[in-house]
Amino acid sequence: MKNKILIVLLLIGFTKVEAQTSTFKSIDYLVNKGRYKKALEELNNMPSSFASYAKKAHIYEAIDNYKLASKYYEKALDIKNDYAVKVKLGKSYNKEKKLKKAISIFEEIVENDDENLLIKYQLGKLYLKTKQPLKAKNTFKRLIEKDKKNANYHYQQGVMYAMLKKRNLKINSLLEAYKNDNEHIKAIHQLAVAYILLRDRDSSTIFMNRGLEVNPNHIELNKLKINSLYRKKDYLSAISLLEKIDTLKPNEHYIQKMLGRALYKLKDYEEAEKYFKKALKIDRSDFKSYTYLGDINFDQKEYKSAMFNYMIATYVGKESRDIEYYQLARVYKELGKPKAEMNAYKNSYSENGRNFRSLYQLANTTEHYYEDKKIAFKHYKNYIDKFEEKDSLLTSQVKTRIKEIKKYYFMKGDVLE
């Protein structure tokens, strides 16, 4: 009798398992056909289980609802500790931007499975995202020991060294990435930038050109090329390239501003003005575009308009505005306002104590305006103390003026030191 009851119970169990398996097959079919809402309805009508929670999570993950995907992966893991589901939960946390939770899950996985290089790589990148370069350092070191040919490991190691401000080690890692994959566009771009910062234009040009061979439409590399053409005064080529990337990334501030700068150099003032105004519509805080508009006005002898634009530039600018004040002083000179001119030169020099031209012009204007030459004498002396080696022509003029002022006062019985 007991045997008969046992057989009946086993048959019932097998029937339930078979029915559940059939239901999951039906759900998989619906998901594969894109009928995820119908699949979720069927899952909600089923008894809660590890499998039903995992299926729900998978569906929510497929429609980018990572919040609910994480919720149901958590519920599945509460029932059974499953390796694959744990991996999926970590990835879902990552997509959900719950980076600390993702790190915790991935750390647990790699602690128990040192060979899971995919998760270890994701963990290393998360350490970088959360500004933990020392943890990333150990992670990428172990990854590279496992696979020295993986260019991405070397690239991420380079990112890590950049965070630690280890410039040479960063470049070495990027070069290793490039050595293992000479089409690794991120490494190529970063190498081009790194060599620019080192003032190694030749090496930067090599990687810039290589990057543009790999991806001719790479925006940042094209910007480096444009800057290079501009420095070489090849303004027509720069404009041609700017117009090309304007079609790839329309209405970008850099493009509009650089078009304005290149056209200004070609003295196409009308077109240049148009692009500087476009740049300002995109970024009102761009005080340099106001400066360039002032330069256009100045060149065309529209001094009141130039004054207006330079004044806005000094008001809007948050960085050093010594150039803006210097240009404003030139306008005041043309408008016959010597006091305002001197004040602008003084502001220029205050903004940037390395601007020797501002100090020279301040001294020169002061000498010609005031009957008391001792004020100018102090400025000239200050110039010699700080900038004697800077510009031989100006230094010669300053020494002459010092000599003449000393002579002037000596004739009056006053000796200047």
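As the structure is a computational prediction, the values presented were derived from the model and not from experiment. Nothing fancy with the numbering, it's 1 onward along the sequence.
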Inset, instruction - Count the heavy atoms belonging to other residues, nucleotides or ligands that lie under 6.0 Å from CZ of R231, then report whether that count exceeds 12. - result: yes
Inset, instruction - Would you mind telling me which of N297, T291, D295 makes a side-chain hydrogen bond (donor to acceptor under 3.5 Å, both in side chains) with Y310? - result: D295
Inset, instruction - Looking only at non-hydrogen atoms, find the nearest pair between K91 and I119 and report the distance. - result: CE-CD1, 4.3 Å
Inset, instruction - Inspect the surroundings of CD in E145 and state if more than 12 heavy atoms from other residues, nucleotides or ligands are less than 6.0 Å away. - result: yes
Inset, instruction - Find the distance between CD (E96) and CG (N94) and round it off to the nearest 0.5 Å. - result: 10.5 Å
Inset, instruction - Taking all non-hydrogen atoms of both residues into account, name the closest pair between I402 and K381 and its distance. - result: CD1-N, 4.1 Å
Inset, instruction - Would you tell me whether Y383 and D385 have side-chain atoms, one donor and one acceptor, within less than 3.5 Å of each other? - result: no
Legend entry - Under 3.5 Å: donor-acceptor pair, side chain of S173, backbone of L169: yes
Inset, instruction - Answer with yes or no whether the side chains of N138 and Y127 bring together a donor and an acceptor at under 3.5 Å. - result: no
Legend entry - Nearest non-hydrogen partners of D181 and A151, listed with the distance: CB-CB, 3.7 Å
Legend entry - Step-by-step side chain to side chain donor-acceptor pair (under 3.5 Å) determination, N382 to Y380: CA-CA 5 Å; N382 189 18; Y380 284 132; over 6 Å; no
Inset, instruction - Starting from the C-alpha separation in whole Å, work towards a yes-or-no answer on ring pair (Phe, Tyr, Trp, His ring centres under 6.0 Å) for Y230 and Y235. - result: CA-CA 6 Å; Y230 187 87; Y235 303 122; 5.4 Å; yes
Inset, instruction - Could you go through the salt bridge (Lys or Arg N to Asp or Glu O under 4.0 Å) check for K374 and E367 one step at a time? - result: CA-CA 8 Å; K374 290 180 182 179; E367 182 187 0; over 6 Å; no
Legend entry - Close side-chain approach of K86 to I109, heavy-atom, < 4.5 Å: yes
Inset, instruction - May I ask you to check whether over 12 heavy atoms, not counting those of F387, lie within 6.0 Å of atom CZ? - result: yes
Legend entry - Heavy-atom closest pair, residues P47 and S52: O-OG, 3.7 Å
Legend entry - Within residues 347-356 or reaching into it, pairs that qualify as side-chain hydrogen bond (donor to acceptor under 3.5 Å, both in side chains) - sequence neighbours excluded: R321-E351, D322-N352, D322-N355, S348-S358, Y349-K386, N355-S358
Inset, instruction - With rounding to the nearest 0.5 Å, note down the distance linking CD in Q327 to CE in M307. - result: 14.5 Å
Inset, instruction - Give a yes or no answer on whether the side chain of T365 reaches the backbone of L362 with a donor-acceptor pair at less than 3.5 Å. - result: no
Legend entry - Residue pair Y292 / E273, side-chain donor-acceptor N/O under 3.5 Å: no
Inset, instruction - Give a yes or no answer on whether the side chain of T247 reaches the backbone of K244 with a donor-acceptor pair at less than 3.5 Å. - result: yes
Inset, instruction - Please confirm whether the backbone N or O of D114 pairs with a side-chain atom of K120, one donor and one acceptor, at under 3.5 Å? - result: yes
Inset, instruction - Could you tell me whether the side chain of T314 and the main chain of M311 form a donor-acceptor pair under 3.5 Å? - result: yes
Inset, instruction - For the pair T395 (side chain) and D391 (backbone), establish whether a donor and an acceptor sit closer than 3.5 Å, ignoring hydrogens and angles. - result: yes
Legend entry - Side chain to side chain, L280 and I282, heavy atoms closer than 4.5 Å: no
Legend entry - Working for salt bridge (Lys or Arg N to Asp or Glu O under 4.0 Å), residues E252 and K249: CA-CA 6 Å; E252 211 228 17; K249 196 172 181 181; 3.5 Å; yes
Inset, instruction - Enter the distance from L293:CG to I312:CD1 here, rounded to the nearest 0.5 Å. - result: 9.0 Å
Inset, instruction - Taking the side chain as every heavy atom from C-beta outward, state whether I188 and L191 have any atom pair closer than 4.5 Å. - result: no
Legend entry - Intermediate values then yes/no, side chain to side chain donor-acceptor pair (under 3.5 Å), Y360 and Q397: CA-CA 10 Å; Y360 171 78; Q397 291 175 9; 2.7 Å; yes
Legend entry - Note, K233 side chain near K265 side chain (heavy atom, < 4.5 Å): no
Legend entry - Any L236 side-chain heavy atom under 4.5 Å of L229 side chain: no
Inset, instruction - Give a yes or no on whether K346 atom NZ has more than 12 heavy-atom contacts from other residues, nucleotides or ligands under 6.0 Å away. - result: no
Inset, instruction - Give a yes or no on whether the backbone of L224 and the side-chain of S228 come within a donor-acceptor separation of less than 3.5 Å. - result: no
Inset, instruction - Evaluate whether atom OH of Y83 has more than 12 neighbouring non-hydrogen atoms of other residues, nucleotides or ligands under 6.0 angstrom away. - result: yes
Inset, instruction - Tell me, with the steps shown, if E176 and K148 meet salt bridge (Lys or Arg N to Asp or Glu O under 4.0 Å). - result: CA-CA 9 Å; E176 280 297 317; K148 292 181 181 179; over 6 Å; no
Legend entry - Over 12 non-hydrogen atoms of neighbours within 6.0 angstrom of NZ in K186: no
Legend entry - Minimum-distance pair of heavy atoms, taken over all atoms of R284 and V316: O-CG1, 3.7 Å
Legend entry - Ring geometry between Y269 and Y264 (parallel below 30°, tilted from 30 to 60°, perpendicular above 60°): tilted
Inset, instruction - Ignoring hydrogens and angles, state whether a donor on the side chain of E61 or Y73 is under 3.5 Å from an acceptor on the partner side chain. - result: yes
Legend entry - R261 side chain near F276 side chain, heavy-atom distance below 4.5 Å: yes
Legend entry - From M208 atom CE to N222 atom CG, the distance as rounded to the nearest 0.5 Å: 9.5 Å
Inset, instruction - Measure from the side-chain N and O atoms of Y153 to the backbone N and O of D147, and report whether any donor-acceptor pair falls under 3.5 Å. - result: no
Legend entry - Aromatic ring proximity, centroids under 6.0 angstrom, Y326 and Y345: yes
Inset, instruction - Would you tell me whether N180 and N150 have side-chain atoms, one donor and one acceptor, within less than 3.5 Å of each other? - result: no
Inset, instruction - Return yes if a side-chain donor-acceptor contact under 3.5 Å exists between T205 and D202, otherwise no. - result: no
Inset, instruction - Find out whether Q156 and Y121 are in side-chain contact, i.e. whether some heavy atom of one side chain is under 4.5 Å from a heavy atom of the other. - result: yes
Legend entry - Short side-chain to backbone donor-acceptor contact, R210 and N182, under 3.5 Å: yes
Inset, instruction - Please confirm whether the backbone N or O of S392 pairs with a side-chain atom of S396, one donor and one acceptor, at under 3.5 Å? - result: no
Inset, instruction - Begin from the C-alpha positions of N152 and H184 and carry the test side chain to side chain donor-acceptor pair (under 3.5 Å) through to its verdict. - result: CA-CA 8 Å; N152 285 321; H184 197 294; 2.8 Å; yes
Inset, instruction - Give me the ring orientation class for Y303 and F298: parallel if the planes are under 30° apart, tilted from 30 to 60°, perpendicular past 60°. - result: perpendicular
Legend entry - Sub-6.0 Å ring centroid separation between F207 and Y178: yes
Inset, instruction - May I ask you to check whether over 12 heavy atoms, not counting those of K257, lie within 6.0 Å of atom NZ? - result: yes
Legend entry - CD1 on I103 to CG on L126, rounded to 0.5 Å: 5.0 Å
Legend entry - Verdict with reasoning, Q190 to Y155, per side chain to side chain donor-acceptor pair (under 3.5 Å): CA-CA 9 Å; Q190 290 304 318; Y155 172 76; 4.7 Å; no
Legend entry - Separation between NZ of K71 and OH of Y53, rounded to the nearest 0.5 Å: 9.0 Å
Inset, instruction - Indicate the atoms forming the closest heavy-atom contact of A54 with V85, along with that distance. - result: CB-CG2, 4.5 Å
